Structure formats: structure tokens, C-alpha cells
S.K.: 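For reference, the structure I am asking about is given below.
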Amino acid sequence: MTLDISYANLKRANLSRTNLSRAYLSEANLREANLRGANLRATDLQDIQWNQDTNWEGVQGLDTAKNVPEALKQQLGL
């Protein structure tokens, strides 16, 4: 089953340790979201929004996530 939360406003959401594997997060607002330890394997991250307060610590699966924005790759050193 695939979770489609495209365009969702997840600003300030606590998604720590959430399994978002294969989810569609296209154009989702992740500003100030806590993604610490979340599973993003094969997740579609096209045109997501984030800021310096988005917590990416320990996120899993970004190496297999789809459409990871170049700016985010640079920010996270990927």
C-alpha cells in the first residue's frame, strides 16, 4: 500500500521514527517538521518545502528516495 500525502501541510509535524517508505510527499510542506529517524526509503520528495528548522537527523533511506531536491542533498551532505 502506498501512502499519498502530496501537498499535505506537515509544518511542525512530529514524524519522528515514522515509516514513510514509498510515500508520495510531493509538494508537501515539511517546514519545522521533526523527521528524526523517519524511514524515507523510495519516498517521492519532489518539490517538498523545508527550512533550517526541519529536523533530518538520522533519517533513513534518503539514498533510495526519489526526486530529492539538489539543495537538500547539499544541505545534508549527500
Side-chain angles (χ1 to χ4, degrees):
M1 185 166 93
T2 303
L3 178 62
D4 186 350
I5 46 180
S6 300
Y7 303 96
N9 183 358
L10 300 170
K11 184 176 182 177
R12 297 187 185 128
N14 183 359
L15 301 170
S16 65
R17 297 190 177 113
T18 301
N19 184 359
L20 296 170
S21 179
R22 296 184 182 89
Y24 290 99
L25 287 174
S26 300
E27 300 193 40
N29 179 356
L30 298 174
R31 291 182 180 112
E32 301 175 43
N34 180 6
L35 295 164
R36 183 178 188 184
N39 178 356
L40 298 180
R41 286 186 179 90
T43 298
D44 190 339
L45 301 174
Q46 183 173 340
D47 297 324
I48 59 168
Q49 301 168 28
W50 75 96
N51 62 10
Q52 68 276 2
D53 295 320
T54 303
N55 184 354
W56 298 97
E57 185 179 345
V59 168
Q60 302 169 17
L62 278 177
D63 57 329
T64 63
K66 301 172 189 170
N67 301 310
V68 179
E70 285 301 317
L72 180 59
K73 287 181 184 179
Q74 290 178 359
Q75 177 183 328
L76 300 177
L78 301 175

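Numbers for residues simply follow the sequence, beginning at 1. No hydrogens, no waters, no symmetry mates; every other heavy atom, side chains included, goes into these values. This one's a predicted model, so the numbers in the text were calculated from it and none came from an experiment.
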S.K.: When clusters are formed by joining ILVMFWY residues with side-chain heavy atoms under 4.5 Å apart, either directly or through shared neighbours, do L40 and L76 land in the same one?
M.R.: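 Yes: a chain of side-chain contacts under 4.5 Å links L40 to L76.
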
S.K.: Do the side chain of S21 and the main chain of R41 share a donor and acceptor less than 3.5 angstrom apart?
M.R.: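 Pair found, side chain donor or acceptor close to backbone of R41.
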
S.K.: Give the minimum heavy-atom separation between T43 and L20, together with the two atoms involved.
M.R.: OG1-O, 2.6 Å

S.K.: So which heavy atom on R12 is nearest to which on E32, and how close?
M.R.: NE-OE1, 2.9 Å

S.K.: Quick one, Q46 with K66, criterion side chain to side chain contact (heavy atoms under 4.5 Å, CB included). Give me CA distance, side-chain angles, the key distance, then yes/no.
M.R.: CA-CA 7 Å; Q46 183 173 340; K66 301 172 189 170; over 6 Å; no

S.K.: If you round to the nearest 0.5 Å, how far is CG of N34 from CG of D53?
M.R.: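 Answer for the CG-CG pair, D53 versus N34, is 11.5 Å.
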
S.K.: At their closest point, which heavy atom of N51 faces which heavy atom of R31, and how far apart are they?
M.R.: ND2-CB, 3.7 Å

S.K.: Please name all residues satisfying side-chain hydrogen bond (donor to acceptor under 3.5 Å, both in side chains) with T18, sequence neighbours left out, ordered by chain then number.
M.R.: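 Once residues adjacent in sequence are excluded, T18 has no partner under the side-chain hydrogen bond (donor to acceptor under 3.5 Å, both in side chains) criterion.
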
S.K.: Between W50 and I5, is there shared hydrophobic-cluster membership here, with clusters defined by ILVMFWY side-chain heavy atoms closer than 4.5 Å?
M.R.: yes

S.K.: Using 0.5 Å steps for rounding, measure from the CG atom of L3 to the CG atom of L25.
M.R.: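 Between atom CG of L3 and atom CG of L25 there are 7.5 Å.
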
S.K.: Do you know which two heavy atoms are closest between L30 and T54, and how far apart they sit?
M.R.: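 Between these two residues, the closest heavy atoms are O-OG1, 2.8 Å.
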
S.K.: Evaluate side chain to side chain contact (heavy atoms under 4.5 Å, CB included) for L72 paired with I48, printing each intermediate quantity in order.
M.R.: CA-CA 10 Å; L72 180 59; I48 59 168; 4.0 Å; yes

S.K.: Specify the closest pair of heavy atoms between L45 and A65, including all atoms of both residues, with the distance to one decimal.
M.R.: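 Here L45 and A65 meet closest at CD1-CB, 3.9 Å.
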
S.K.: What distance do R36 atom CZ and R17 atom CZ have between them, rounded to the nearest 0.5 Å?
M.R.: 6.5 Å

S.K.: Can you measure from CG (N39) to CG (L15) and round to the nearest 0.5 angstrom?
M.R.: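 The CG atom of L15 is 12.5 Å from CG of N39, to the nearest 0.5 Å.
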
S.K.: Rounded to the nearest 0.5 Å, what's the gap from OG on S6 to CG on D44? Could you check?
M.R.: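 It comes to 7.0 Å.
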
S.K.: Suppose we screen for side-chain hydrogen bond (donor to acceptor under 3.5 Å, both in side chains). Which residues come up paired with E70, at least two apart in sequence or across chains?
M.R.: K73

S.K.: For L62 and V68, work out which heavy atoms get closest and say how close.
M.R.: O-CG2, 4.0 Å

